[in-house]
Amino acid sequence: MAKNRTYGAETEPSPEGAIVTIPWVAWPRMAPITVKLPDGSPLELDDGATGADAAAAIGPRLAKDALAVRVNGEVRDLAAPLADGEEIDIVTPGRPDALDVLRHDTAHVLATAVLDLWPGTKVSIGPPIADGFYYDFEFPDGFRPSDSDLERIEEAMAAHVKADEPFERSEISAADAIERFKGEDQPYKVELIEDLVRDEGTETVSLYQNGPFVDLCRGPHGPSTGRIRAFKLNSVAGAYWRGDENRQMLTRIYGTAFFSKKDLEEHLERIEQAKARDHRRLGPQLGLFTLLPDAPGMPFWLPNGTVLLRLVENEVRRQLARGGYQEIKTPQVLDEDLWHRSGHWDNYAENMFFTQVEDRRFALKPMNCPGACLVFGSERHSYRDLPLRLAEFGLVSRNEREGVLHGLLRVRAFTQDDAHVYCTLDQVADEVDAICSAIDQLYSRFGFDEVRVELSTRPEKSIGTDEQWEQAEGALREALERQGRDYEVSPGEGTFYGPKIDFHITDALGRSWQCGTCQIDFQMPERFDLVYQGEDNADHRPVMIHRALLGSMERFIGILIEHHAGRFPTWLAPVQATILPVADRHNGYAAQVASRLRDAGVRCTVDERSESVGKKIHDAEVGKYPYMLVVGDREESEGAISVRSHAEGDGGAESIDAFAARIEREVSGS
RNA sequence: GCCGGCGUAGCUCAGUUGGCCAGAGCACUUCACUCGUAAUGAAGGGGUCCCCGGUUCGAAUCCGGGCGCCGGCUCCA
């Protein structure tokens, strides 16, 4: 066990400038306390000792690196006093929470620098986020900085980092804090405190000062600005105050910080690499899709991408067959009146495309459900037909606001792998159960094993009665609980016609994407007066379930491209093998090989150009084909091919049949 | 829709303070080479400098409007 250290704050300030003003420091020792270290061992300290003392007691190295202390799971300042029996963990670079503390510190330094350069700037909030931090400002006189101002701000920040200014915490009554920030003309801070007082009954708030800058802040902070070894400002963006588009737009400055220049450089390098797998770059490059200004937000599928689209559809169709679904196709353009009946006109008109033919107004369908309802209603149904499952790969068009479009991930026209199940209330749980299972199977086929489930309940803007909503939400909960699934609840995030379950996947970069959805709808069958004839010979109203497994085919493929960085597994690759003749005289043999492989179901091309083998391999690597088949004199005389893959390089000669069998194994085995 | 940035050849980008026929690499075409596991060489074609209007003797360059794209915010029933 480490020895205790007697310590007097006034005579022995920490070399890092930590705040250690504890006038009532015990000497001689009055009542020692014992805290517990992460490995379970006890550490005896003087009463009133702080996190900094604990770090010093453990070792000088730790004392030098210490940034904060985690007490019973909560991160605090090093200067905060510890109490007997607490479990503590010193936060140092590389430990959990360390970067958040550092980045929060850096955000305060950013605000300090901004106030140096533009006095009168109003500050709001500046938290750490996943890869860095931001701070939101309102600059004086309508000025707004641009990216070119970031360098100046960085220079001003560097001066404060170099000065190694301590972060000093103080507490003040909420009323005094409001007066103070009113006096400084900081209305955003005033509003924050007023809300704390009103919503949480807060009486005192904490302030942090570094250099000349004093900020309302809960903390924790590191000991001083000198700990910031490497930082960078990334971009300027607009952001609404409190995320409300009806309120003031502030100027947000994004940045990031690390404990070393090397870490920062590695971070910037990772961003570069992420750009290399951006589906918007890979799409045109690999001949998958392109986006053209003639149809903003509406992708053009190129030949390779169309193959990919069909392959993905086939997987969905396998699930349709397994689940007893029937596939339909409904019109793209429907009478405006239909959208009044469905309720979309009232709730969604601003996002719909309209067109007029003579006197009649039509709309491009933004959803497939009204079409499916028309199909259901077009004939009489018996209770024996239920559940009736109608699936459609439906192209929907939505006039998304400018500025939200993003590659394939947010488009104006996309294909839903949609289905509508008409059933009785008792059948809902079984159906939802089956849908959940189908989603699991499908996602795992594409290599996504981590599925997060979210239940969304009634939003403010909705149609239907309280009773219907309760029944619908209850049915979804029942199905999830029967499956024994973990799920989160998002209150108020349901659709206007019913509650829903959303399914999220996590990609190779750890990002989460919402894909599948399953929504219960009591409203639509009513609006379309859908009925089935029951055992009792009377008409009854069916329940409708909307469900999509992948959601948007376009979006899912965008995610797939980034997940695989364009290098698809063999079963998904639009072109599985490219045949590379060594010289022009081998083109004939290459064509024979291609023909035999195609007969065996292998998707392949021949590179007939009069280029060197090296050049053809280079281009095939860039094209990310799973296999390259080199054919020259040797292969031709033996009736063979030389197989090269990206992962394994030159794999030597193989017979055509053996290669075809290998592909077949890979396709069925994955 | 809001804030900031950007728009030059198919792609990635140069283009001084407004001034000759607007450039490079890759790609493309042609010719030569006929090549054994990541780029053979040469020649050539290709631009409404996003669009419209303005300032000017003169605009890719400056100003206004529009369209599109990028990074965010909001939104995504």
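Listed pair A:Lys615 / B:rA27 meets the phosphate criterion, a side-chain N or O lying under 4.0 Å from OP1 or OP2. The side chain of A:Ser610 contributes no N or O atom lying less than 4.0 Å from OP1 or OP2 of B:rU34. Residue A:His406 has a polar side-chain atom (N or O) positioned under 4.0 Å from OP1 or OP2 of B:rG71.
For B:rC75, the base has a donor-acceptor partner in the side chain of A:Arg410 [N/O atoms by modelled type, under 3.5 angstrom]. Put simply, the side chain of A:Tyr254 and the base of B:rG4 share no donor and acceptor less than 3.5 Å apart. One cannot find a donor-acceptor pair under 3.5 Å joining the base of B:rC75 and the side-chain atoms of A:Arg401. Within 3.5 Å, a donor on the side chain of A:Glu635 pairs with an acceptor on the base of B:rG36, or the reverse.
With 3.5 Å as the limit, one finds a donor-acceptor pair spanning the side chains of A:Asp502 and A:Thr517.
Between A:Phe133 and A:His104, the distance from one ring center to the other does not fall under 6.0 angstrom.
Salt bridge status for A:Arg644 with A:Glu621: present, with a side-chain N to carboxylate O gap under 4.0 Å.
Within the 4.0 angstrom heavy-atom criterion, no nucleotide atom of any strand lies near A:Pro459. At a threshold of 4.0 angstrom between heavy atoms, the contacts of A:Glu611 include nucleobase atoms, whether or not backbone atoms are also involved. Looking at heavy-atom distances under 4.0 Å, A:His586 makes no contact with the nucleic acid at all.
Of the two residues contacting RNA chain B, namely A:Ala237 and A:Gly651, the nearest-nucleotide position lying further toward the 5' end is that of A:Gly651.
Under a cut-off of 6.0 angstrom, the local environment of CD in A:Gln273 is crowded, with over 12 non-hydrogen atoms contributed by other residues, nucleotides or ligands.
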